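Note that this is a predicted model, so its numbers are computed, not measured.
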Amino acid sequence: MWGALMWGAISGSAVLLGALLALFLSIPTKLIGFVMAFGTGVLIGAAAYELLEDSASDGGLTPTIIGFTAGALVFTLFDWYISRKGGAGRKRSARASGKTEAKGGSGMAIFAGTVLDAIPESIMIGASLIAGQGVSLLLVIAIFISNIPEGLSSTAGLKQDGYGKRKIMLLWLGVLVISTLASGAGYTFMDHASGYTEAMIASFAGGGIIAMVSSSMMPEAYEDGGPLTGFIAAMGLLCSLILDQL
């Protein structure tokens, strides 16, 4: 349990790190796009190698299909709702350049969207410890890398909404706490689950991650990084394959 909490906190701390960088440094938008592109590739690999492949082999194809479809659908519905409330650009680093829409209440929508992104990722970090072979390094690295540009871009949006540094840091500390608890919950609730249930939950998280990557990270990475985005994302996927094999 303590290991699950620790690794959940480590992965969630990347949002806080991104926020600190945005508050005290001027980060080039293109660099943020490159980091997001690399994180996109690593996350896709993590979802495929750590979640879907294991789900299909351990629980079978049926729960994997059901869980994956449900996860993608649920994330899409919540993402649609949060986007309507002003959280559509929570990963958009272009907000730092002033290219954002002014929407009432978007600050809290950005926060809610970040929490929505963090929960399925953190649950699977905790669940990866159940086998007794240590945490999934691939999942931790993938989530950590993808969370840094989210902290950068989301903080820019919160600043534009008039949030002070103290309030921004409190919000991201809240995300850190939620990520930590979600990782612990993943370990606790999946410790005695059947193979069918584990496959369903893991593929549910995988579906949510792929939907999140496709709807927010990939478009914004290309917008910020340009034509190099595809190559960098491919290198991220290659990195996830290497980590999975190691």
Checking Leu237 against Tyr49 for the side chain to side chain contact (heavy atoms under 4.5 Å, CB included) test, could you report, in this order, the C-alpha distance in whole Å, the side-chain angles of both residues, the deciding distance, and whether it holds? CA-CA 10 Å; Leu237 180 57; Tyr49 304 134; 4.3 Å; yes
Measuring only between side-chain heavy atoms, which start at C-beta, is Met200 closer than 4.5 Å to Thr64? no
Using side-chain heavy atoms (C-beta onward) and a distance below 4.5 Å, is Val42 in contact with Phe38? yes
Between Thr69 and Ile66, is there a donor-acceptor pair closer than 3.5 Å when you use the side chain of the first and the backbone of the second? no
side-chain contact (heavy atoms from CB on, under 4.5 Å) partners for Leu16, two or more places apart: Met169, Trp172, Leu173, Leu176
Quick check on Tyr222: does its OH atom have over 12 non-hydrogen neighbours (other residues, nucleotides or ligands) under 6.0 Å away? no
Close side-chain approach of Phe68 to Ser55, heavy-atom, < 4.5 Å: no
Ser183 (side chain) donor-acceptor with Thr180 (main chain) under 3.5 angstrom: no
Does the side chain of Met235 come within less than 4.5 Å of Leu238's, by heavy atoms? yes
Main chain of Ala233, side chain of Thr40: is a donor-acceptor contact present, judged purely on distance under 3.5 Å? no
Find the distance between CD1 (Ile148) and CD1 (Ile32) and round it off to the nearest 0.5 Å. 11.0 Å
Do side-chain atoms of Ser179 reach the backbone of Gly12 as a donor and acceptor pair under 3.5 angstrom? no
Does the Asp244 side chain pair with the main chain of Ala46, one donor and one acceptor, at a distance under 3.5 Å? no
Any heavy-atom pair between the side chains of Ile141 and Ile145 that's under 4.5 Å? yes
May I ask you to decide if Asp54's main-chain N or O and Ser57's side chain share a donor-acceptor pair within less than 3.5 Å? yes
To the nearest 0.5 Å, tell me how far Leu52 CG sits from Ile210 CD1. 7.0 Å
